[in-house]
Peer 1: 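Supplied in structure tokens, the structure appears directly below.
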Amino acid sequence: MKSKKTLISLVSVFLLSIFALVGCSSDDDKGKDKASGDQITIDIFQFKVEIKDQFEELVKVYEDENPGVKINVKTVGGGNDYGASLKTSFSSGEEPDIFNVGGPSSVEEYREYLADVSDTKAVEESIDGTLTAVQDGDEVLGLPFNQEGYGLIYNKAIFEEAGLNADDIVTYADLEEAVKLLDSKKDELGIDAVFALPAKEKWVLGDHISNMFIASDFNDDITEAYNSKTIAFDKGDELKRYLDLQNSHSVQPVLSLDYSQQVEQLFSLEKVAMIQQGNWVYNSVYDMDPELAETGIGILPVPVEGFEGKIPAGVPMFWAVNSKSDEKVVQASKDFLDWVYTSETGKTAVLEDFKFIPAYKGYDASKIADPLSQTIYEYAEAGNTLEGWVYQAAPTGWTQESLGVNIQKYLSGDLKWEEVISQSRAKWEAERK
Amino acid sequence: MRNRDFSFWLFLTPVILSLSLVILVPFVYGFIYSFTNWNGMVATEFLGFKNYITLFKDAEFRASIWFTTKFAICSVILLNFLGLGLALLVTRNLKTNNLMRTVFFMPNLIGGLILGFIWQFIFISVFGNLGDLLGIEALTGWLSTTATGFWGLVILTSWQMAGYIMIIYIAYLENIPKDLLEAAEIDGASSFQRFRNITFPLVAPAFTVSMFLTLSNSFQIYDQNLSLTNGGPFNSTQMVAMNIVKTAFTENKMAFAQSKAVIFFVIVAAVAITQVYYNKKKEVDM
């Protein structure tokens with residue numbers, strides 16, 4: 001009896017492993033005969049997990065309208081994961097026809113694969129400044145995904161109770177005063193602290209906070225930053241002042257405070273009055289407290305001297321078309337991207353389903369789903385943005401692994417501010433030798 | 001060993017094939033790439049030992065090797081201590097034996113990433129709130145300093161792996177002939193003497209196995225590190241594996257990361273071989 005059982009299980013294990021092996025090799029006839037006859041197949045490899053389902057819906061609509069085109073969408077999320085997977089698919093020869101690049105360094109890396117898309121309608125419609133990162137002479141090498149912007153997101157009710165008007169906070173002195181006022185009324189307002197500074201997140205320190213203060217070193221020009229051999233840190237002291245302000249009025253210890261604690265536990269539960277974050281927090285806040293998200297929060301620009309009233313807005317990622325694909329496929333890919341961003345169906349999806357802040361003109365701002373994005377789109381259309389997310393043009397990894405880490409050391413007291421500046425600068429120069 | 005006929009090789013082929021495909025070939029390729037300027041797609045230039053020279057000047061890499069070594073020492077000692085202790089506990093004739101074995105082994109079934117997040121919650125929120133409640137300063141702000149981050153990792157790993165090591169010790173403990181222990185008892189040996197002179201030498205092979213396992217495991221930890229501290233604060237709790245991944249994918253220096261991996265391999269191999277060699281010498285034959 002027992003040996004029979006063993007035999008049966010052995011056989012089933014054997015069969016299972018054979019099935020597994022066979023299963024691995026079964027669906028590789030996709031994408032083989034691209035553009036054979038009238039049928040065109042486009043492989044898309046994109047990074048934004050948040051819109052995966054909505055994007056696939058939109059693709060289906062396009063396929064119905066254009067019977068000759070078949071589109072496969074593959075989504076891999078997150079910064080590092082996407083970069084690594086994209087690299088793997090290129091080195092293994094399974095190159096996608098449409099993929100994503102972010103900023104000048106990945107443009108340079110994939111330069112030989114990037115088709116010129118300057119002849120598309122979407123390029124004409126794009127908001128000024130959104131293309132600088134992907135321009136090479138007359139050529140445009142990518143189409144902006146969307147815009148993202150950040151600033152100080154505040155709780156309207158707390159501000160009101162403290163007798164503050166967010167519109168009055170224009171200069172740095174105003175901000176300081178507001179923080180002092182909020183701090184003195186902490187108990188009355190029932191908050192733990194004024195800010196929540198998530199210093200565990202190197203991207204908050206190294207990318208977003210620093211970006212506002214180093215953009216002017218390169219005249220807000222992402223290309224200039226990309227070619228710069230050094231970094232001046234003209235506004236270094238201002239950066240320090242702003243960090244100190246947040247740190248000394250933040251929930252402690254900042255070094256173990258992460259993004260989800262900042263947004264979900266502290267801000268959404270109204271334990272802090274302000275956080276520095278971007279429009280992307282909307283969904284998290286909405287999940288915690290829909291009412292707060294829809295009517296209770298606003299965003300105001302961080303007052304950087306000389307750039308008051310400007311919101312740093314930028315394009316996080318670009319769509320690129322693979323120039324080594326079949327000519328017909330390249331054209332079809334461009335047509336598809338054009339359709340996504342300029343057709344009525346596409347526009348509606350971009351606004352309402354993807355909940356993007358469009359990087360293109362001619363969108364109805366009132367239809368933007370959340371108030372934060374709406375405010376940022378208004379700032380962008382009025383030209384009140386701090387141009388160029390220059391952090392994308394820093395040497396690869398520099399913003400987080402050098403500047404971000406050094407700021408963490410400063411916050412923990414292990415490094416003096418002058419050393420933060422000099423060490424980060426030295427690293428920049430070493431990378432750009 | 002006379003039975004190496006056709007079927008022997010037939011059954012061995014799948015293993016050899018997959019092993020060489022996923023381990024051997026990539027290893028050789030990686031070794032070759034570490035001498036070039038490979039960027040993940042193409043290598044255009046042969047650099048010789050340039051990557052290795054830069055590597056020895058890389059303070060962060062040295063720091064993470066040192067951190068990993070400290071971590072490995074602490075967790076090897078703690079894990080074997082705990083593993084043997086638990087094994088001794090559950091090999092006594094208690095009614096709850098099986099239940100306890102299951103309970104102790106359980107953490108090992110949970111993935112490292114999830115464990116990391118669970119313990120992150122415990123260290124930050126539970127510890128923090130307890131500290132506030134009881135007024136114990138030392139409990140607040142865990143994972144925000146290098147020292148607490150280090151101990152956090154040690155605690156997490158011990159909690160996860162102790163049950164697994166326990167199983168190995170149980171296997172050897174139950175193999176000790178009862179008559180030996182009985183004879184010693186009749187001769188009047190105290191329980192400590194029996195452990196010291198009979199049990200301990202007889203489980204020496206288990207030490208070899210579990211020390212090898214804990215040592216190589218602690219050196220290669222990545223997921224727990226990623227989810228618990230993510231190297232923070234300021235990369236001071238960053239272990240070697242994480243440093244390599246970051247060099248490759250965040251800083252986009254594939255060949256350089258590859259050379260780090262080669263050095264890492266050499267270190268781990270050397271340490272493990274030395275350990276097994278010395279442990280083997282200590283084993284006694286029945």
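Reminder, nothing fancy here: chain letters follow the sequence lines and each chain counts from 1.
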Peer 1: Say you draw a straight line from CD1 of B/I221 to CG of B/N217; how long is it, rounded to the nearest 0.5 Å?
Peer 2: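 One gets 6.5 Å once the value is rounded to the nearest 0.5 Å.
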Peer 1: Below 4.5 Å from any heavy atom of chain B, which atoms of A/E109 appear? Answer side chain, backbone, both or neither.
Peer 2: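 Both backbone and side chain.
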Peer 1: Compute the ring centroids of B/F265 and B/F31, then answer whether they are less than 6.0 Å apart.
Peer 2: no
Peer 1: Tell me the residues of residues 195-204 of chain A whose non-hydrogen atoms fall below 4.5 Å from those of chain B, in number order.
Peer 2: A/K200, A/K202
Peer 1: Closest heavy-atom contact between B/Y52 and B/S34?
Peer 2: OH-OG, 2.7 Å
Peer 1: With only heavy atoms counted, which part of A/Y110 is less than 4.5 Å from chain B, the side chain, the backbone, both or neither?
Peer 2: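 Contact with chain B is through the side chain of A/Y110 alone.
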Peer 1: Is the gap between the ring centers of A/F99 and A/F47 under 6.0 Å?
Peer 2: no
Peer 1: If you measure from the Lys or Arg side-chain nitrogens to the Asp or Glu carboxylate oxygens, is any gap between A/K427 and B/E60 under 4.0 Å?
Peer 2: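 Judged by the 4.0 Å cut-off on N to carboxylate O distance, A/K427 and B/E60 do not form a salt bridge.
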Peer 1: Given A/L205 and A/L243, is the side-chain contact (heavy atoms from CB on, under 4.5 Å) satisfied, shown in steps?
Peer 2: CA-CA 9 Å; A/L205 301 173; A/L243 274 169; 4.2 Å; yes
Peer 1: Which answer fits A/Q400, side chain, backbone, both or neither, if we ask what part of it has an atom under 4.5 Å from a heavy atom of chain B?
Peer 2: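 Contact with chain B: none, neither part.
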Peer 1: Quick one: does A/Y82's side chain have a donor or acceptor within less than 3.5 Å of a partner on A/F45's backbone?
Peer 2: yes
Peer 1: Only pairs of heavy atoms separated by less than 4.5 Å count here; which of A/S256, A/G397, A/S92 has the most with chain B?
Peer 2: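 Most heavy-atom pairs within the cutoff with chain B belong to A/S256.
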Peer 1: What part of A/N406 lies closer than 4.5 angstrom to a heavy atom of chain B: side chain, backbone, both or neither?
Peer 2: neither
Peer 1: Is it the case that B/R62 places NZ or CZ above or below the six-membered ring of B/F56, under 6.0 angstrom from the centre and within 45 degrees of the axis?
Peer 2: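 No, a cation-pi geometry is absent between B/R62 and B/F56.
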Peer 1: Using every non-hydrogen atom in the two residues, find where B/A255 and B/N37 come nearest and quote the distance to one decimal.
Peer 2: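 Between these two residues, the closest heavy atoms are CB-C, 4.0 Å.
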Peer 1: Counting only heavy atoms closer than 4.5 Å, note whether B/T229 contacts chain A via side chain, backbone, both or neither.
Peer 2: backbone
